[in-house]
Structure formats: structure tokens, C-alpha cells
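Following: one structure in C-alpha cells, then a few remarks.
Model, not experiment: these values are computed from the prediction. Values below: every heavy atom of this structure, side chains too, minus hydrogens, waters and symmetry copies. For ligands, and for the atoms within them, numbers begin at 1 and follow the listed sequence.
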Amino acid sequence: MEERTSSSQSWDPERYAKNARFVADLGMPVVDLLNPQPGERILDLGCGDGALTAKLVDMGCSVVGVDSSAEQIEAARELGLDVHVMDGHELTFEGEFDAVFSNAALHWMGHPDEVITGVRRALEPGGRFVAECGGYGCVDTIVKALKEALKRRGLWEEGVNPWYFPTDAEYRGRLEERGFEVNYIALIPRPTPLPGDIGGWLETFAESFTSRVPEADRPAFLDEVREAMRPRLCDEQGAWTADYIRLRFAAVKKG
Ligand code: BEZ
């Protein structure tokens, strides 16, 4: 097995609610693709603070959520949800679910074959795996700006980037090799307006990059990154839009 890269990303539910509420708000297309039916047993993989988990519960499903962040799970538990701290690479469920659902989480899991194998094990035969995550080219402008600013400081290493953004062809292959029939898979460019300055996004999602920089140099580092991105991601009114590309798919467990 490849060695896992250790991401220094941490999750603060308050910061997440302030800077990243759009993640769940923009999750309805993948919920629609899941087409959840009342009474279905659903695993929400990478449930975060439970915003979409709660939506699935409201739709009449019996939902278990898992996430590797104890802080996010605590926030989700406060909503009264059935949620557990669990690494998506090490799912422990066996044939318990009609569907596994995931929004904006798989790109944080750098060993996709382990994830897909665990998802397959968790599903009943015929069960669905329906998900959306960052896809190939997602936040390219942001990654390039962070990488260049780290390089200038001699702080760049390959393992710093925590994100896995596959093409549709690559992910389809992984699913098919692991016993899924893929009914739909697509890369979908989705420029995403941010609720404030790009600094809030970096603070929330890019800690694996920013934590490399000594604290005293961090404001200068962030200014440099912001100015490098501005021509592509900020309009004349000062509104920022992140260059998201989504990978969305629906697959069924064969056999
Ligand atoms: C997301 O939440 O979808 C996301 C987070 C970090 C990078 C790209 C996408």
C-alpha cells in the first residue's frame, strides 16, 4: 500500500459555517441524482457538519453519517444525527445500505481504491454509490498560486497538496474495476461565487499549504497568493469566484 500523505487540514465548524455554507447549499444536484426514497438506508460518507445528512433525514431516509473530523461530527451530532468519526479509507460497514452518498468529500481521500472497496462492502447488492467531489482541474488557479508562493520560499513538496481531483475516465475505471456499473459520470465546471474574500476560503480549506509557512510570514504569503489569483478569480466589484470543477457520478454495485 502507498504511504498516506498526512494532511494538516483541521476543521472548525464555526469557520466552516461562515466560509463554506455554499458547499451544502450547492449540493442539491447530487441529492437529486441520488433520488432518495423514504425508508432507504443511506450512508453519508464525509458528512461534515451534517447539513445534507439532515436533508436526507428530512426526506424520510434512515441515514448514518461518517467523517474523519471529530469537530465536524460533534457539530452534526448537535443536530440529532446518527454520525460517527470514521476514516473514509477504513469503512467498517457490511451490506447495510441501499445507497452510499457523498458530497465534497472524496477529493480529501487520497487512496480512492480503498474508499471504493469500503463503499462496495457497505452496500447491499444493487446498492447505489452516488457522489460529487472536486474533479480534474478543480481550483487550478488557487493550487497554482499556493504552489508558486511556497516554491519561492523553498517550502513546496508534492505531499503538501491534499486534494485528489480525478478525471471522469480515471474514476470510472476505478469503479468498474471494483465491481460497480457506472450509470452516469461527468466533469462539470462550476465557477463558485464565494461569500467573501478569498482569504476565508484559504483559511477554511488550504491549511495544508498555509501551515507550511512560518506564522510571521503568513500575512505576506496570503497577500502574494491573493494578488496572483486576482486577475482570474476576482471581478471589478471585488467579488471572488473559485474555479471549481465537479466530478459527479452514479454507480450501482454489481453481483
Ligand atoms: C470542496 O469543498 O468542494 C473543495 C474543497 C477544497 C478544494 C476544492 C473543492
Nearest 0.5 Å, what's the OH-CZ distance between Y184 and R248?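 Rounded to the nearest 0.5 Å, the OH-CZ separation comes to 5.5 Å.
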Only heavy atoms of A104, strictly under 4.0 Å: list the atoms of ligand 1 that pass. 2 (O), 3 (O)
In ligand 1, the atoms that come under 4.0 Å of a heavy atom of Y244 are 1 (C), 3 (O), 4 (C), 9 (C)
R246 versus ligand 1: do any nitrogen or oxygen atoms come within less than 3.5 Å of each other?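 N/O-N/O distance below 3.5 Å exists for this pair.
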Locate the shortest heavy-atom distance separating R121 from L91; write the atom from each residue and the value.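 Smallest heavy-atom distance, with atoms named: NH1-O, 3.3 Å.
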Return the minimal non-hydrogen interatomic distance between W240 and G238, and the atom names on each side.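 Looks like CD1-O, 3.6 Å.
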Among all protein heavy atoms, pick out the one at the shortest distance from atom 8 (C) of ligand 1; state its residue, atom name and that distance to 0.1 Å. F165 CZ, 3.7 Å
Closest protein heavy atom (residue, atom, distance) for atom 5 (C) of ligand 1: H107 NE2, 3.5 Å
So, does W201 sit close enough to ligand 1 that a heavy atom of it is under 4.0 Å from the ligand? yes
Take a 6.0 Å sphere around OH of Y136 and say whether it holds more than 12 heavy atoms from other residues, nucleotides or ligands.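 No, not enclosed.
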Assess the residue pair L247 and D168 against the criterion (side chain to side chain contact (heavy atoms under 4.5 Å, CB included)); give the C-alpha distance rounded to whole Å, side-chain angles, the decisive distance to 0.1 Å, and a yes or no. CA-CA 7 Å; L247 177 71; D168 49 342; 3.8 Å; yes
